[in-house]
Amino acid sequence: MKKISSMLAALLVATGLQAQTHTFDINTSKVGGVIPSTMYGIFFEDINYAADGGLYGELLINRSFEFPNNFAGWDISGKVTLRNDGPFEKNPHYVRLAPSGHSDKYTMIENRGFFGIGVKGGAEYRFSVWARVPDGGTAKLWIDLVDNATMSDDQKLCNGSVEVSGKEWKKYTAILTPKKTFENAHLRVWADSKKTADVEHVSLFPVDTYKGHENGMRKDLAEALEQLKPGVFRFPGGCIVEGTDLATRYQWKNTVGPVENRPLNENRWHYTFTHRYFPDYYQSYGLGFFEYFQLSEEIGAEPLPVLSVGLSCEFQNGSKRSDAHVPVDQLQPYIDDVLDLIEFANGDPAKNSWAKLRADMGHPAPFNLKYVGIGNEQWGEIYPENLKPFVEQVRAKYPNIKIIGTSGPDSEGKEFDYLWPEMRKIGADLVDEHFYRNEDWFLGTPEAKAKYGNCGANRYDSYPRGKKQPKVFAGEYACHGKGKKWNHFNAALMEAAFMTGLERNADIVEMATYAPLFAHVDGWQWRPDAIWYDNLRSFNSCSYYVQQLYSLNKGTNMLSLTMNKKAVAGNEDQDGLFASAVFDKNTNEVIVKVVNAGDKAQPVTLNLKGMKGDHSAQLISFHSDNLTAENTLDDPKKIVPQESSLTVSAPSFNAEVPARTFYIYKIKK
Ligand code: AHR
């Protein structure tokens, strides 16, 4: 490799095209501030069918017949009637399946799943149902998983049955094993005896969920999260927290306890599909706060719940509508939601009923909650007014909990400029910033700076430091390419360039989470997103890999780095180069990240002050020749990081960073 680059350099000299070598001075002998363990995290929101139909393992839609159209997602035939005096107070509807009394007429209900039901041949699926025989005695339910595209006897993928007995509601289960893989199956439940049966909470999960939990997560998607090694896990949103209106805000207390009794909520994103009718985007809350905390623990991330500040989505409602916000003197139930959540997560089960519920749900040990976000993208005077009593009460009872306030929906502007000082006054520990911006913003070009002000990789260089200053939480960000709003390679490269600035400012940027996380290819309303899937397959976008490269190579301490003796900021004289450096005490490695966002290869010199001689090293390269190329379900590994080994001779190492490339050097010290 060295040989090739010196030949290339000679050729460039001969043709007079040699680019100026850029010198990065990295002081490896002076280890700087600690990189927060939370630095690179994930942000989950139920948008794009991310929860029901996505991460949450449930395969049936409208399992409790509670959608406003109670049979949404179901086809029915024969004697099927809807009733509403079921065993679960918050989900009272169920159906009565009565035999037709005719040997050739059948009573049956059929569920279409979310965009069909994806099943794998030979894998096990747990069917469950709550049922009873209203007149007593026994009734048989026959269950089929069908490939309803195939019009033959081969249509049945598998079947099973349950024998329901007695007048009391009980849970019945059966394991189904489809004989072939099919992404669009339906589930049928037949009344298969002379007796009438009542059925409620009809459910189907893969047995093989993430960590094997019965009310668990889809394995490939949860594993994709685990493989990011996220330091922090923000949930459950986003605008979901606020709701389209106050009634549909996310209420965590409705999401804990037995799944059968968690009431349905209309999804904030229900009405926002431009390309599909929206009869069916609801939150079953099967993936609720217990599951979020459990998942945080299992993937090794700090949990970061965000709760309502008594303001429903201001995009929808503005901050003035009186029915969209709760006046300060009526906020106590909302404040109690925060206080009770801290008990649910950390409290002693012997002393607190919310903590007891956590223990009863299977987690007696505390979840060790350290952060709480209050409000999502709020703005206007009304936000600090509402936030103040929350902060006062949380501080008084739980002084160690860090409180995250918000700076509104934009990376700059009137609301942002108003809210940051307000957050300082109120004493927020961190301030959440959101920026969905174009390539220029992420690169910090002169045009973008003229339009937006502070942007690009040196955005945080000038942020005030000091013990009393809140830290930054870059809580939602993604490069939304101009006219190219999808997960192409170039967007990810811009993010990589920008993130060198997060890393160089790790003393004030405590955490950063790309957004959104998930999208179903048949049910999305927002892109780009980190991870895409259909009912069976999934793939990681280029942006996912950039997040992963930072997270897996975040190091433990900052190292100072300059380029040509100046701060790295992607200025014009820096030829599209961005860089940062860290030291990893655990692996004894100096890790240098260099992004060449320009369209020419750039010769660079790494001046490793404090190192001498040859050092074994690893080079990770993330590159595509095609800027608009992307990973897809059919070609999921089209653009992935490549690794190679090399020897780095210190203190001065010459190399060349190809055009449009993200390089990571990991040099053993
Ligand atoms: O990430 C999608 C949405 O973007 C979030 O819900 C909201 O906070 C932001 O406007």
Side-chain angles (χ1 to χ4, degrees), residues 41-52 54-55 225 230 232-246 248-250 252 265-274 278 281 283 287 292 304-319 324 372-380 383 387 404-413 415-416 419 430-438 441 472-481 485-487 491 495 511-520 523-532 541 543-544 547:
I42 51 176
F43 159 52
F44 180 90
E45 173 163 35
D46 188 2
I47 185 172
N48 306 317
Y49 285 84
D52 297 278
L55 179 63
L225 300 184
V232 66
F233 179 25
R234 174 183 177 221
F235 56 86
C239 298
I240 284 276
V241 169
E242 305 159 78
T244 310
D245 42 40
L246 285 170
T248 55
R249 74 187 189 278
Y250 195 98
W252 75 267
N265 192 33
E266 182 186 277
N267 191 301
R268 150 71 180 83
W269 298 102
H270 180 72
Y271 299 102
T272 59
F273 296 95
T274 50
F278 33 78
Y281 199 9
Q283 299 175 278
L287 168 48
Y292 283 126
L304 194 181
V306 184
L307 271 69
S308 166
V309 70
L311 295 170
S312 63
C313 183
E314 289 182 64
F315 275 115
Q316 233 88 40
N317 307 301
S319 28
V372 64
I374 303 173
N376 176 43
E377 283 179 347
Q378 322 301 160
W379 63 80
Y383 174 53
L387 181 61
I404 304 181
T406 141
S407 55
D410 290 314
S411 48
E412 65 289 306
E415 300 300 342
F416 182 91
L419 282 173
L430 291 101
V431 177
D432 182 10
E433 297 189 350
H434 293 182
F435 30 90
Y436 298 103
R437 292 284 187 252
N438 65 25
W441 191 97
V472 173
F473 172 30
E476 290 183 33
Y477 69 96
C479 174
H480 284 199
K485 254 181 155 188
W486 78 88
N487 287 102
E495 288 149 12
M511 43 180 87
T513 55
Y514 175 92
L517 192 54
F518 283 125
H520 194 296
W524 60 271
Q525 65 263 90
W526 182 297
R527 67 177 187 180
D529 307 283
I531 301 164
W532 288 81
S541 67
S543 293
Y544 172 99
Q547 293 297 317

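In listed order, ligands and their atoms are each counted from 1.
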Could you tell me the residue and atom name of the protein heavy atom closest to [atom], and the distance to it rounded to 0.1 Å?
| atom | answer |
| --- | --- |
| atom 4 (O) of ligand 1 | Glu476 OE1, 3.1 Å |
| atom 6 (O) of ligand 1 | Glu45 OE1, 2.5 Å |
| atom 1 (O) of ligand 1 | Tyr436 OH, 2.7 Å |

Check your understanding: What about Trp269: any of its N or O atoms under 3.5 Å from an N or O on ligand 1?
Key -> no
Review point. Is Pro516 close to ligand 1, meaning an N/O of one under 3.5 Å from an N/O of the other?
Key: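 N/O-N/O distance under 3.5 Å: no.
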Exercise for review: Give a yes or no on whether the backbone of Ser543 and the side-chain of Glu495 come within a donor-acceptor separation of less than 3.5 Å.
Suggested key: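 No, Glu495 side chain to Ser543 backbone: no donor-acceptor pair under 3.5 Å.
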Check your understanding: Just by distance, do the side chain of Glu45 and the backbone of Ile240 share a donor-acceptor pair under 3.5 Å?
Key -> yes
Point to revise | Close-contact set for ligand 1 against Glu377 heavy atoms, below 4.0 Å | key: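 Listed by number with element: 7 (C), 8 (O), 9 (C), 10 (O).
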Check your understanding: Gly238 heavy atoms, cut-off 4.0 Å: which ligand 1 atoms fall inside?
Key ->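 Counting from 1, the qualifying ligand atoms are 5 (C), 6 (O), 8 (O).
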Practice item. Look at the aromatic rings of Tyr281 and Phe273 and report parallel, tilted or perpendicular, splitting at 30° and 60°. Key: tilted
Point to revise | Value rounded to 0.5 Å, distance of CD in Gln525 from CD1 in Ile47 | key: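 Those atoms lie 5.0 Å apart.
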**Study point:** Any side-chain donor near an acceptor of the partner, Tyr271 and Glu266, under 3.5 Å
**Key:** yes
Review point. Given Leu287 and Phe44, is the side-chain contact (heavy atoms from CB on, under 4.5 Å) satisfied, shown in steps?
Key: CA-CA 11 Å; Leu287 168 48; Phe44 180 90; 4.0 Å; yes
**Study point:** Part of Asn376 within contact of ligand 1 (heavy atoms, under 4.0 Å)
**Key:** side chain
